[in-house]
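Notes follow the structure.
Residue numbers start from 1 in every chain, and the chains themselves are labelled A, B, ... in the order their sequence lines are given, proteins ahead of strands. Hydrogens, waters and symmetry mates play no part in the numbers below; they use all other heavy atoms, side chains included.
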Amino acid sequence: MDMEGFEDENPFEQDLDAIPSATSSMSKVAIYEPSSPPPHASSALSPSSPPHRAAFASTESHGAQASNYKTDFCCTRDRYLHTNDDIEIVIVDAQKTSAGTSSPYIVYVIRTGDAEARHRYSEFESLRDSLSKLYPTLIVPPIPSKQTIGDYAVKQAKAKEDAALISRRKRMLQTFLNRLARHPILSNEHVFHRFLDGEVSWNEVLNSPPISLLPKNILKAPSHNPTDQNAAAAYSALPNPSAAHPLRRPDQRFLDSEAFTIKFANHMSGPMEKVTRRVVKRWSDYAQDHADLGATLNGFSLNESNELASAIEKTGQAVDTTYVSTTKLLQEVEQNWAEPLHEYTQFASIIKKLLAYRHQKHVQYEMTQDVLENKREQLEELEKSEREARRLEEALGRGRMAGPSSTSSANPEQGEGSPEEDNANSESSSHLPAHPGQNPARRRTRTPGMGLINALSYTLHGMMDVDPETARRNSITKTKESISTLEDALHLAAQDLKYSSSTIQADLDRFQRQKVADLREMGIAMAQAHRDWCKKNLEAWEEAKREIEKIPDHPNKAPGPPETGPSSSTSPGEMAPSPSNRRDSTATVNGR
Amino acid sequence: MLNEDEDVFDSVTWESPSATGYDVNDHSTPSGPGFIQSTVEGNDDPLQPKWEGYLITAVRDPVKELAETKDAYVSYLVSAKTNLPIFSTPNPTSRRRFQDFVFLREHLVRDFPACVVPALPDKHRLGMQATHNLDNWLTKLLEYLTGDRFSPEFMERRRLDLHRFLERIARHPILQRSTLLRAFFESTEWHVYMHQHVAHPPSQEPSAGLIDNISDTLLNAFSKVRKPDERFLVMRENVDKFEEGLVATERLYTRVRNRSSDLTADYHDLAVAVQGLGFLESGITDPLNHLSNTLLEFSALQRHLTQTTTDPLLTHLHSLLQYSHANRAVLKLRDQKQLDFEELSDYLSGVTAERDRLSAIIKGHAGSSGLGLGAYLKDRVDALRGMDDDRSRVEKMKKLDTKIKELQDAVTTAHETSDAFNDATLREQTIFQYSKEAEMKDILGDLADGQIEFYKAAMEEWDRVIPIIQRIRVDV
């Protein structure tokens with residue numbers, strides 16, 4: 001069975017058709033509305049109870065607007081997620097608690113509509129882990145990695161560091177939940193709804209179906225639903241290949257995907273993230289420099305007087321503004337640029353895993369194909385031997401009838417002996433052990449009169465060696481069985497591969513659109529943050545400039561020197577005491 | 001401004017010597033000890049500087065002279081616009097080289113010791129930025145070693161330094177009218193003039209003339225002024241604080257400068273990274289390229305800001321600091337003059353006491369004059385040595401009288417000198433205050449202008465790119 005044949009067979013499409021409303025509505029689903037990231041629950045999906053996992057219809061139909069909402073919900077959360085246009089899951093708080101354990105931990109308070117759930121980081125981790133097992137062909141969004149700290153914030157106080165870590169996690173976990181909520185398939189997962197609901201303890205969810213039904217090895221379970229209890233037994237016949245196993249007929253599309261993902265991952269974690277981290281660090285130093293400078297200028301202004309003092313003061317305020325606005329810029333760059341970048345680095349490695357899964361599925365298919373091919377050859381070999389044997393026996397049978405044959409009652413087996421051999425070797429051959437490769441019929445032809453000995457030797461042979469005939473027959477039966485299983489398995493593998501390929505491809509397409517939308521948001525956020533930074537500083541400096549202008553010019557200026565000396569530049573209210581007083585003060589030097 | 005400053009000193013002096021702040025509007029009448037009235041009368045306050053005209057100077061057009069020889073040097077076109085009567089033309093110009101500026105400064109310092117004569121930049125400017133930035137320092141050193149003092153950058157920096165130097169002199173109401181400065185601008189035989197000037201220094205300014213009459217033998221450069229004049233203490237404190245402010249500002253702006261240089265490089269790298277992302281994301285290559293260009297432009301604007309605003313700011317701050325050092329030196333010299341006077345007064349009162357003691361002994365009131373144990377012992381020693389002779393006492397008294405007469409003259413002179421120097425210093429402080437304010441106005445004004453230009457240009461860049469990114473078609 002070659003790939004083309006299997007493509008045409010298309011078990012996947014039939015499979016989808018089996019879930020009637022799923023296929024029809026899926027093909028019209030718009031996964032997101034154009035303006036993401038504000039979440040839009042626009043995916044209209046079939047009612048999907050956990051065992052019926054919906055899938056993407058392949059490629060073409062995703063641009064369409066959502067016009068049809070689903071009407072059948074598995075729970076309140078499902079209804080909330082799929083009836084509101086502007087759903088937003090918010091992590092409203094991160095609280096320190098030690099409930100249930102001896103050591104304190106942080107719980108994140110999640111609000112979804114009117115529901116409130118509390119989960120700690122490890123529970124997010126297990127949610128994500130479960131989802132990626134339940135949906136091995138979907139890009140399950142990342143959660144913040146455990147050690148993001150220290151990457152950005154270098155050498156801060158521990159408490160401050162913790163606070164920064166917690167707020168970063170809070171943001172990124174919230175992004176994770178909203179990405180799930182906006183995913184056309186994952187948003188229908190009841191496990192996710194239960195996570196948001198917070199009514200059942202998470203432990204219970206983990207220990208009940210579908211999660212409890214997850215097989216040890218998802219490679220040996222159906223791609224579309226690894227927990228399917230009615231999955232064909234043939235799944236166990238599938239091999240368990242390594243991800244590094246080469247393919248004979250790789251799919252160019254996925255080769256390209258893999259190559260691109262590697263390039264993308266390298267670029268993101270390399271230049272993009274590294275430079276961004278440097279920029280963030282530098283702005284944070286820059287902010288600190290300006291905080292110090294602002295304070296210094298303010299102190300400077302206290303020692304001066306009049307217009308100069310207020311000019312220096314205003315300059316100091318402009319510098320303070322730079323401190324404040326740079327701190328803001330820094331936060332924006334961190335949240336709207338650095339964090340999404342990091343998320344996409346994680347996405348890249350998730351996609352790598354996804355592609356590896358598909359690769360393994362493909363290897364499974366090819367290996368099964370090979371094994372099946374082997375078995376068929378084997379069967380053919382066996383059957384060939386069998387035919388040979390039959391042909392010989394038939395020929396023997398004919399010879400016996402024709403020649404002076406034995407008087408003993410001929411059982412059906414004996415009738416198959418070959419006349420030549422019977423004549424030439426009857427005596428000696430009976431003493432020889434039967435050679436399985438040769439026609440075993442020989443030894444069953446025995447001369448009359450020798451019956452007892454022959455019977456003995458036959459029994460002896462039977463004890464020494466499996467009756468080759470039976471062995472061959474068994475082998476044929478077994479091979480046939482195994483071929484049948486393998487045919488089933490191959491069919492399943494083909495089906496899974498087809499499903500995985502199209503689902504992964506569809507989710508990659510969706511991901512690509514999501515990525516473009518996110519990059520757009522990142523670019524806009526970046527530009528606006530810088531623009532606002534410029535604007536605030538510009539205003540502050542223009543104000544400072546107006547104050548600086550007020551410093552009087554030097555008396556030595558063209559055209560025309562000041563007529564009355566310095567008094568011309570002194571306002572009347574600030575006149576000094578009478579000259580005599582001032583001159584008199586020199587007398588203090590004399591002391592007498 | 002002058003009046004306000006005087007006010008400042010008065011209020012601090014008379015109200016609360018320990019106060020660090022002051023109220024410029026306080027006009028309370030001094031209630032301290034009585035004052036000697038100044039001999040100068042009229043509404044013309046001698047402490048107020050007077051500008052008799054304007055002198056606007058410029059240093060332009062550095063030219064490499066005697067190029068291709070080992071004596072190559074750079075000459076600068078110095079020009080002025082003036083209405084001062086001492087100048088024979090309202091627009092004097094000439095070409096001068098660095099050495100000429102050095103001569104001008106050295107002789108102004110010699111001729112006008114009570115005036116704050118600005119410093120010149122170090123010959124090869126190893127001083128200034130070297131303290132902040134080793135790289136800079138090495139660059140400068142290299143510049144010098146490789147003869148790059150003829151590089152356009154070096155000549156331009158030097159030109160600016162010299163321009164600032166002349167501007168400060170021109171702003172000084174006394175220095176601007178000096179014959180040496182006139183010659184510097186006008187003389188076509190400057191070298192001849194230089195020699196003449198060295199041989200026959202011009203008659204000195206009144207204030208300078210007075211202070212040179214002190215016998216320096218009594219000077220003790222290490223003693224402290226015993227009766228510090230609060231006005232000058234406050235001045236010193238103000239100078240200290242001003243310099244502190246300059247130093248701190250300069251230090252922090254150096255840090256900002258280096259940080260900005262780093263950011264310049266970082267944004268360049270970020271631009272390259274975003275461009276690389278554009279290569280990968282074929283659907284949005286164009287908008288990402290625009291973003292990359294904006295990042296690159298932002299980087300370039302930061303570099304421009306550093307070069308045209310922050311670096312000149314640092315140079316000017318440092319130059320003003322050196323000018324302030326010159327001002328501080330004059331304050332120190334004033335202390336010295338007061339010290340001269342105090343030492344002489346002490347000596348005089350010592351001699352007078354001795355004479356009075358002798359006189360008392362002659363009058364037969366020895367021992368009861370209450371002159372103390374020391375005088376009594378001296379008397380006894382004299383007696384033992386056979387000197388308890390009234391004749392020798394009378395002789396001694398005559399000598400002492402002569403000495404007292406001399407000392408009284410010296411004390412009077414020292415007092416006059418000290419007073420004159422006080423007045424000169426007060427005037428110089430006012431003059432410096434004007435210069436300081438004018439330069440701070442320039443410094444802060446240039447800084448603000450540079451910042452405004454930068455933020456405007458950068459804002460335009462970001463504003464331009466926002467709609468381009470917004471136009472990215474998103475179909476999720």
Side-chain angles (χ1 to χ4, degrees), chain A residues 31-32 34 36 63 264 267 271-272 275 278-279 282 285-286 289 292-293 296 300 303 305 308 311 315 513-514 516-517 520 523-524 527 530-531 534-535 537-538 541-542 544-545 548 551 554-558 561 565-566 569-570 574-577 579 581-589 591, chain B residues 1-4 6-7 24 27 30 35-36 38 45 48 50-51 53-54 56 81 171 227 229 231 241 245 248-249 252 255-256 259 262-263 266 269-270 273 276 280 283-284 291 338 418-419 422 434 437-438 440-441 444-445 448 451-452 455 458-459 462-463 465-466 469-470 472 474-476:
Chain A
I31 298 151
Y32 293 129
S36 151
F264 181 77
H267 188 68
M272 293 297 281
V275 176
R278 230 163 59 204
V279 167
R282 211 81 78 189
D285 292 343
Y286 190 84
D289 293 343
D292 297 350
L293 186 57
T296 298
F300 196 172
N303 297 319
S305 51
L308 180 57
T315 306
R513 289 190 299 275
Q514 169 209 304
V516 168
R520 177 178 175 273
I524 292 171
H530 282 81
R531 201 204 83 98
C534 292
K535 190 163 183 288
N537 287 319
L538 179 61
W541 278 104
E542 276 171 343
K545 174 70 183 175
I548 293 164
I551 301 177
H554 198 275
N556 177 47
K557 61 176 178 183
S569 61
T570 310
E574 290 167 330
M575 286 302 286
N581 279 346
R582 209 179 308 112
R583 251 174 276 124
D584 288 347
S585 61
T586 55
T588 49
V589 178
Chain B
M1 288 307 297
L2 172 72
N3 292 336
E4 291 149 23
E6 292 303 303
D7 221 8
V24 290
H27 298 291
F35 300 114
I36 296 168
S38 167
D45 189 339
Q48 296 288 8
K50 273 200 322 195
W51 280 267
Y54 64 85
I56 309 299
K81 270 193 299 183
R171 279 175 172 172
K227 289 192 172 148
D229 186 329
R231 294 173 306 169
K241 281 183 177 164
T249 308
L252 285 167
R255 236 159 72 187
V256 168
R259 209 76 75 188
D262 289 343
L263 276 167
D266 293 342
D269 294 351
L270 194 59
L280 288 175
I284 49 172
L291 180 59
Q338 187 183 336
S418 181
D419 273 2
N422 283 350
Y434 277 113
E437 283 183 5
M440 284 302 287
K441 183 178 186 174
L444 297 175
Q451 298 279 338
I452 289 168
Y455 289 121
M459 200 161 102
W462 292 109
D463 267 337
V465 83
I466 289 173
I469 307 171
Q470 275 170 336
I472 293 177
V474 168
D475 55 356
V476 284

Problem set entry | Heavy-atom contact with chain B under 4.5 Å, split by part of Ala544(A) | neither

Chain A contact via [X] - side chain, backbone, both or neither, heavy atoms under 4.5 Å:
X: Val465(B); result: side chain
X: Leu270(B); result: both
X: Ile284(B); result: side chain

Problem set entry | Residues forming a side-chain hydrogen bond (donor to acceptor under 3.5 Å, both in side chains) with Lys535(A), sequence neighbours excluded | Glu539(A)

For this session: Apply side chain to side chain contact (heavy atoms under 4.5 Å, CB included) to the pair Arg513(A) and Val474(B), showing each step before the final yes or no.
Result: CA-CA 7 Å; Arg513(A) 289 190 299 275; Val474(B) 168; over 6 Å; no

Exercise. Roughly how far apart are Asn537(A) CG and Ile452(B) CD1, rounded to 0.5 Å?
Worked result: 11.0 Å

For this session: Could you have a look at Thr315(A), Val516(A), Ile524(A) and say which one has the most heavy-atom pairs with chain B under 4.5 angstrom?
Result: Ile524(A)

For this session: Among Leu291(B), Asp262(B), Val256(B), single out the residue with the greatest number of heavy-atom pairs under 4.5 Å to chain A.
Result: Asp262(B)

Problem set entry | Flag, side chain of Lys241(B) to backbone of Asn303(A), donor-acceptor distance under 3.5 Å | no

For this session: For the residue pair Tyr434(B) and Trp51(B), categorise the inter-ring angle as parallel (less than 30°), tilted (30 to 60°) or perpendicular (more than 60°).
Result: perpendicular

